[in-house]
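Below: one structure, written as structure tokens.
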Number of protein chains: 2
Amino acid sequence: MKITQEADYAIRIIIHLSVLGKGNIVDAATIAENEGVTLRFTLKILRKLCKDNFIRSHRGVKGGYSLVKDPDEISLKDIIEVIDGDFAINKCLKDENACNLGKADTCNVHEALRGIQDIIIREFDKVKFSQLIKNKREYK
Amino acid sequence: MKITQEADYAIRIIIHLSVLGKGNIVDAATIAENEGVTLRFTLKILRKLCKDNFIRSHRGVKGGYSLVKDPDEISLKDIIEVIDGDFAINKCLKDENACNLGKADTCNVHEALRGIQDIIIREFDKVKFSQLIKNKREYK
DNA sequence: TTTAAACTCTACCAAAAAGGTATACTTTAA
DNA sequence: TTAAAGTATACCTTTTTGGTAGAGTTTAAA
């Protein structure tokens, strides 16, 4: 029941971009340095965030990355899903055939877990990045 | 954000024992066969459940395992914790020193995640095994 | 009192996932 | 034209997970 280290990094990266605000460009090296993640790994995460359209990249000299959406339109759920994939607290909730007893449809556990999962997703979706950058100053 | 396969098995094992009811003995081989888990792995899980006092073992011929508590006194949270350890949706919530920026105490994300984690734990704790065995018949 | 059906303990192993790095590009402002 | 940026793909290492093995110990019952 953990988010991955990579998702944690992705959250910090989006926080960094959120502080700068939608549309403002910053290069990967600056983010990496400030957030304590290696440049290479930062780049890898940034590419995933690009592919899912939360940020966009600007190639060439003076390039970098910028937020596509406003921080209050992006939730923890959104970013964790980009990295870790859909929330599924048990494999049978992602794929009913994964139940090795073949009875996901009649299983009380399955039903209970689905209820919990729905609540978890809702809670992660409630937290927007606008809230996460409260009291944060600009980076120099 | 998944429970492990092993925790899933443990849940089924406790369900099996819950159907039989507190104090009733069944041997590992029977559980293994009914729940679709190998005997060896079942034994391993049973030992962990013993150590944490949810079940007790009976050695020797006609031995096996039985529930120590009533099914309505055992929750999904209890059993998942036996196998997967304490719930901690991010490493910084288990150990504040794990924050590689060293600012768990002032971190907005940390604070938000703790709130979500508390809700998750509460939800898993709400589900008791008495509820999970509704409509389940005895095993033959 | 012997036997076999049970559980116990510790260690080990293989596969999968996670975390991270390397190489060889392409794009573009200045 | 050049160097500062991002891109794409592939690879590697470590940790976690899932599972197995071997050599015991205990005990009901014949």
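Proteins get letters first, then strands, A, B, ... in listed order; numbering begins at 1 in each. Predicted, not measured: the structure shown is a model, and the values here were computed from it.
Atom P of nucleotide C:dC7 and atom CD1 of B:Ile25 are separated by 10 Å, given to the nearest angstrom. Note: CZ (A:Phe41) to P (D:dA10) measures 18 Å, nearest angstrom. The CD-C1' distance, from B:Glu6 to D:dT20, rounds to 13 Å in whole Å. Nucleotide C:dA5 holds its C1' atom 12 Å from the CG atom of B:Leu39, rounded to whole Å. Rounding to whole angstrom units, NZ of residue A:Lys2 and P of C:dA17 are separated by 17 Å. In this structure, CD of B:Glu35 is placed 18 Å from C1' of D:dG19, rounded to the nearest angstrom. Computed from coordinates, the B:Lys94 NZ to D:dT16 P distance equals 10 Å when rounded to whole Å. If you measure from atom CD1 of B:Ile13 to atom P of D:dG18, you get 13 Å, rounded to the nearest angstrom.
By the 6.0 Å contact criterion, CD on B:Glu33 is open, its count of non-hydrogen atoms from other residues, nucleotides or ligands being 12 or less.
Here CD of B:Gln117 is found 11.5 Å from CZ of B:Arg122. Values are rounded to the nearest 0.5 Å.
For the segment residues 77-91 of chain B, the set of residues with a heavy atom within less than 4.0 Å of an atom of DNA chain D is empty. Contacts between residues 42-55 of chain A and DNA chain C, counted as heavy-atom distances below 4.0 Å, involve A:Lys44.
Using a 4.0 Å heavy-atom cutoff across all strands shown, A:Ala28 reaches sugar-phosphate atoms only and no base atom.
For the pair A:Leu113/B:Leu76, a side-chain contact is recorded, criterion being any heavy-atom separation below 4.5 Å from C-beta on.
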*Quick one: what's the B/S/- string for nucleotides 22-30 of chain D, heavy-atom cutoff under 4.0 Å, read 5' to 3'?*
B-BBBBB--
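Using modelled atom types and a 3.5 Å distance limit, the side chains of A:Asp8 and B:Asn90 yield a donor-acceptor pair. A donor atom on one side chain and an acceptor atom on the other are not found under 3.5 Å apart for B:Asn24 and B:Ser66.
A donor-acceptor contact shorter than 3.5 Å is absent between the side chain of A:Asp52 and the backbone of A:Phe54. Side-chain N or O atoms of B:Asn34 include one that pairs as donor or acceptor with a backbone N or O of B:Thr30 at under 3.5 Å.
Here D:dA5 is the nucleotide among D:dA5, D:dT20, C:dC7 with the atom lying nearest to any side-chain atom of A:Asp27.
Applying the salt bridge (Lys or Arg N to Asp or Glu O under 4.0 Å) rule to pairs touching residues 54-77 of chain B yields B:Lys77-B:Glu81, sequence neighbours excluded.
Positionally, the nearest nucleotide of DNA chain C for B:Gly63 lies more toward the 5' end than for the other of B:Gly63 and A:Ile3.
Taking 4.0 angstrom as the limit, B:Tyr9 places a side-chain polar atom (N or O) nearer than this to OP1 or OP2 of D:dG19. For A:Ser57 and D:dA5, the shortest distance from a side-chain N or O to OP1 or OP2 is not below 4.0 Å. Neither OP1 nor OP2 of D:dT16 sits under 4.0 Å from any side-chain N or O of B:Thr4.
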For residues 123-133 of chain A, tabulate all N or O donor-acceptor pairs below 3.5 Å that involve a side-chain atom, not counting sequence neighbours.
{"residue": "A:Glu123", "atom": "OE2", "partner": "A:Lys126", "partner atom": "NZ", "Å": "2.9"}
{"residue": "A:Asp125", "atom": "OD1", "partner": "A:Ser75", "partner atom": "OG", "Å": "2.7"}
{"residue": "A:Lys128", "atom": "NZ", "partner": "A:Asp125", "partner atom": "O", "Å": "3.1"}

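Hydrophobic cluster membership is shared by A:Leu67 and A:Val26, with clusters built from Ile, Leu, Val, Met, Phe, Trp and Tyr side chains linked at under 4.5 angstrom.
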*asked:* Could you walk me through whether A:Glu6 and A:Lys48 satisfy the salt bridge (charged side-chain N to carboxylate O under 4.0 Å, His left out) test, starting with their C-alpha distance in whole Å, then the side-chain angles of each, then the deciding distance to 0.1 Å, before giving a yes or no?
replied: CA-CA 11 Å; A:Glu6 191 180 357; A:Lys48 293 183 185 176; 2.8 Å; yes
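Residue A:Ile119 shares its hydrophobic cluster (ILVMFWY side chains chained together at separations under 4.5 Å) with B:Ile119.
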